[in-house]
Amino acid sequence: MIQIDALPAFTDNYIWLLQDNANKRCAVVDPGDAAPVLAWLARHPDWQLSDILITHHHADHVGGVAELKKLTGAKVYGPANEHIPARDVTLQDNDEVTVLGLTFAVHAVPGHTLGHIAFYHENSQRPLLFCGDTLFAAGCGRLFEGTPEQMHHSLSRLAKLPDSTLVYCAHEYTLSNLRFAVAVEPSNPDVTARFEQVTRWREEDRISLPSTLELERKTNPFLRASQPSVKQKADERTGTDNTSPVAVFAALRAWKDKF
Ligand code: ZN
Ligand code: FE
């Protein structure tokens, strides 16, 4: 059994901590800061950090890697097509990597950055997805390097994973994403209900993650570009007929950038 907890970092990052309780070994995903991980290890002195998984090269995801590797000897896995400090293993699309006994399939998901990857563990009951800054709860990453076509394709690929997949994103952006989702789909009862729920959770300082792919398909406007009502909103916004889901997606992303 692997237990997964969030270690908060900076203002809204989560470093996901995977714990193998039987062997007292752990792994982290995207440690942008070494300090929260080192603090956890100091509170658990008989545990060993064995592996570090990286989704993309941004500083808030890799800033702690070199120090953690130096202090713990952890093995660093990261995307082949980006500069990742202290990386030991380069990962390409469709590679497999086994960490703490869990095998993850690597999915190339360009858009936020060009080399961005996601880690997917297939499990009939609770598949796991660590998707960095590609898919967020009710949102998606900004297009810093890639095109709308690339990001739409990447999100469509993730959206095909099973309903029950637990989605571990790297930021607590859910509430602001849902404000936007309500603007796009004011008549979607799932969006309204989720907005109310996450508003309560955040008032209680409760984390809004992980999400599930079922919930994302129902409430994430960036996975809903094929819905007629979403297209209509995008058309109103751009004043044009966005004939393809990619064009709708691009209109939504540009709108959200200024929202
Ligand atoms: Zn990023
Ligand atoms: Fe980030």
Side-chain angles (χ1 to χ4, degrees), residues 4-18 27-37 52-68 76-87 90-93 104 106-120 128-155 157-158 166-180 198 202 207-211 216 220 222-223 249-250 252-254 256-259:
I4 304 174
D5 292 302
L7 301 176
F10 309 116
T11 53
D12 52 34
N13 280 75
Y14 292 128
I15 300 167
W16 293 106
L17 174 72
L18 287 68
V28 288
V29 183
D30 286 355
D33 186 3
V37 182
I52 299 172
L53 300 178
I54 300 299
T55 63
H56 68 293
H57 68 85
H58 285 160
D60 62 312
H61 299 252
V62 303
V65 172
E67 187 179 359
L68 287 173
V76 180
Y77 301 81
N81 301 327
E82 297 193 347
H83 172 72
I84 306 296
R87 181 182 52 204
T90 59
L91 297 174
Q92 314 257 15
D93 194 21
F104 290 90
V106 173
H107 290 251
V109 283
H112 177 69
T113 64
L114 286 174
H116 200 305
I117 58 173
F119 297 90
Y120 175 66
L128 308 173
L129 176 67
F130 295 92
C131 47
D133 289 355
T134 297
L135 176 61
F136 289 129
C140 74
R142 282 177 188 260
L143 303 180
F144 285 118
E145 298 176 12
T147 64
E149 287 78 7
Q150 285 173 315
M151 189 60 143
H152 182 258
H153 184 260
S154 296
L155 291 172
R157 188 172 170 186
L158 297 182
L166 294 170
V167 180
Y168 292 89
C169 331
H171 288 271
E172 180 63 65
Y173 289 161
T174 317
L175 191 54
S176 64
N177 286 339
L178 283 166
R179 273 188 208 107
F180 178 71
V198 173
R202 297 306 295 153
I207 176 171
S208 68
L209 301 173
S211 180
E216 292 313 310
N220 188 327
F222 296 100
L223 300 186
F249 172 80
L252 292 176
R253 189 57 262 180
K256 176 69 164 65
D257 286 345
K258 294 181 181 156
F259 188 74

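Values below: all heavy atoms of this structure, side chains included; hydrogens, waters and symmetry mates excluded. For ligands, and for the atoms within them, numbers begin at 1 and follow the listed sequence.
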Write down the atom of Pro31, the atom of Ile54, and the distance for their closest heavy-atom approach.
CD-CD1, 3.7 Å

Passes side chain to side chain donor-acceptor pair (under 3.5 Å), Glu145 versus His57? Steps please.
CA-CA 12 Å; Glu145 298 176 12; His57 68 85; 2.7 Å; yes

Working to 10°, measure the angle at the Fe ion (ligand 2) formed by atom OD2 of Asp133 and atom OD2 of Asp60.
170°

Within 2.8 Å of the Fe ion (ligand 2), is there any N, O or S atom belonging to His58?
no

Indicate the ring-plane relationship of Phe130 and Tyr168, choosing parallel, tilted or perpendicular according to the 30° and 60° boundaries.
parallel

With under 30° as parallel and over 60° as perpendicular, where do the rings of His58 and His112 fit, or are they tilted in between?
perpendicular

Evaluate the ring planes of His56 and His116, with Trp represented by its six-membered ring, and classify them as parallel (under 30°), tilted (30 to 60°) or perpendicular (over 60°).
parallel

Taking the Zn ion (ligand 1) as the vertex, how big is the angle to NE2 in His56 and ND1 in His58, rounded to 10°?
90°

So what does the His112 NE2 - the Zn ion (ligand 1) - Asp133 OD2 angle come to, to 10°?
90°

Just wondering, is there an N, O or S atom on His61 that's nearer than 2.8 Å to the Fe ion (ligand 2)?
yes

